[in-house]
Amino acid sequence: AYSEFFIQGVQVSEQFSPLIGGNFTMKNGFIANIDYKRGRQISLNVGNLQVIESKNQDIAIMFRYRKDKLNWFFRLFGRDFNLENTANFSFQMTARDTREIIRRIPGEKVGGTGDFLEDVNRGGLNLIFEPRIDYTVSKRVSAQVFYKYNLSNPYTEVVPKTSFSSVGFQIRFSLAN
């Protein structure tokens, strides 16, 4: 059994989500949003004498445009189509910086400067691009086309730089009135 004065660790968390943000709406249906988020978690582990700091910063920018009565004519398989319902166009870009830093106590001196040794244990810079088009075919049917690109650039040499993309088409049917 441990004494009531024995502390294995201490953890402090702070999050500002969003720290700064803005929404802008124009009369012509154009909408722009911007958000800046920050978070940090600090853990003191008394057993192995380490302080682990996890930090994250996000900036997200989104543009949307809504067009009622689209009036778009096109020909497909020899047949003429006229799209005259509502369409929503959106583009979102997110830059996310995450890192985990381990500090050892008592710090090992680096180069005689008196600085403590810090290791970036994990984390990286992620960039996400996401354009999307939503079209209302009727009261009960809507269609969506989307693309998402995610680029991950890690801060450690152990994990390679990666990217992936996803693209898709979605049709939604509503059975409710």
Side-chain angles (χ1 to χ4, degrees), residues 10-44 51-74 82-103 118-174 176-177:
V10 177
Q11 185 171 332
V12 177
S13 297
E14 62 185 30
Q15 187 171 16
F16 300 100
S17 181
L19 178 62
I20 299 172
N23 298 326
F24 309 96
T25 303
M26 310 282 186
K27 289 183 179 179
N28 62 359
F30 181 77
I31 299 171
N33 298 344
I34 185 166
D35 283 331
Y36 176 66
K37 303 174 187 175
R38 283 186 83 132
R40 183 171 71 159
Q41 180 174 337
I42 300 172
S43 302
L44 168 65
V51 175
I52 301 171
E53 181 181 15
S54 301
K55 297 191 291 187
N56 63 318
Q57 297 182 65
D58 290 13
I59 186 160
I61 301 170
M62 184 167 77
F63 301 104
R64 289 185 299 190
Y65 180 70
R66 178 184 173 106
K67 177 70 176 162
D68 294 324
K69 298 180 182 172
L70 185 62
N71 260 348
W72 185 40
F73 296 96
F74 68 96
N82 182 13
L83 302 179
E84 38 186 47
N85 290 330
T86 302
N88 291 307
F89 305 92
S90 66
F91 177 79
Q92 182 168 349
M93 182 187 79
T94 305
R96 182 171 295 133
D97 181 13
T98 59
R99 60 182 75 205
E100 182 177 278
I101 301 169
I102 297 177
R103 294 181 175 92
E118 296 181 357
D119 292 330
V120 176
N121 188 34
R122 69 175 96 157
L125 179 64
N126 286 18
L127 298 173
I128 302 167
F129 301 98
E130 192 172 2
R132 178 180 308 259
I133 300 172
D134 292 308
Y135 180 72
T136 305
V137 178
S138 67
K139 286 183 179 179
R140 295 183 180 215
V141 179
S142 64
Q144 181 183 83
V145 177
F146 62 90
Y147 174 76
K148 185 175 184 178
Y149 176 75
N150 189 334
L151 173 67
S152 178
N153 191 6
Y155 292 130
T156 61
E157 296 175 4
V158 179
V159 180
K161 184 177 180 178
T162 58
S163 68
F164 63 88
S165 299
S166 59
V167 64
F169 182 80
Q170 183 178 34
I171 297 178
R172 283 181 247 139
F173 296 98
S174 174
N177 285 339

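Along the sequence shown, the residues carry numbers beginning at 1. We use all heavy atoms of the structure for the numbers below, so side chains are in, but hydrogens, waters and symmetry mates are not.
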### Message
One thing to verify: whether D35 and K37 come together as a salt bridge, which I'm taking to mean a side-chain N less than 4.0 angstrom from a carboxylate O.
### Response
no

### side-chain contact (heavy atoms from CB on, under 4.5 Å) partner of P131, the single match among Y147, F89, F63, F146
Y147

### Message
To the nearest 0.5 Å, what is the distance between CD on E130 and CZ on F91?
### Response
9.5 Å

### Query
Under 4.5 Å between any side-chain heavy atoms of S13 and Q11, yes or no?
yes

Acceptor/donor pairs from residues 155-163 side chains to any protein atom, 3.5 angstrom cut, sequence neighbours excluded:
{"unit_1": "Y155", "atom_1": "OH", "unit_2": "D97", "atom_2": "OD1", "d": "2.6"}
{"unit_1": "Y155", "atom_1": "OH", "unit_2": "R99", "atom_2": "NH2", "d": "3.1"}

### Message
Donor-acceptor pair, distance only, cut-off 3.5 Å: does the side chain of N33 make one with the backbone of N23?
### Response
no

### Query
Roughly how far, to the nearest 0.5 Å, is OG1 of T98 from NZ of K55?
11.5 Å

### Task
Can you measure from CD1 (I101) to OG (S54) and round to the nearest 0.5 angstrom?
9.0 Å

### Query
Are the side chains of F24 and I34 in touch, meaning some heavy atoms are under 4.5 Å apart?
yes

#### Entry: Which atom of F169 lies closest to which atom of V145, heavy atoms considered
CD1-CG2, 3.4 Å

## Note on the structure
When rounded to the nearest 0.5 Å, the distance separating CD1 of I102 from CD of E53 is 11.5 Å

### Query
Between atom CG of L19 and atom OH of Y36, what is the distance when rounded to the nearest 0.5 Å?
6.5 Å

### Message
Quick one about T86 and D68 (side-chain donor to acceptor, distance below 3.5 Å, no hydrogens or angles considered), yes or no?
### Response
yes

#### Entry: Closest non-hydrogen atom pair, N126 against N153
OD1-N, 4.5 Å

### Summary
Residue set satisfying salt bridge (charged side-chain N to carboxylate O under 4.0 Å, His left out) with D58, at least two apart, ordered chain then number -> R96

### Message
Can you confirm whether N150 sits close enough to L127 that some side-chain heavy atom of one is under 4.5 Å from a side-chain heavy atom of the other?
### Response
no

### Task
Would you check, one step at a time, whether the test side-chain contact (heavy atoms from CB on, under 4.5 Å) holds for Y65 with N88?
CA-CA 6 Å; Y65 180 70; N88 291 307; over 6 Å; no

### Query
Among all residues two or more places apart in sequence or in another chain, which pass the side-chain hydrogen bond (donor to acceptor under 3.5 Å, both in side chains) test with E14?
R40

## Note on the structure
Rounded to the nearest 0.5 angstrom, the CD1-CD distance for I52 and Q41 is 9.5 Å

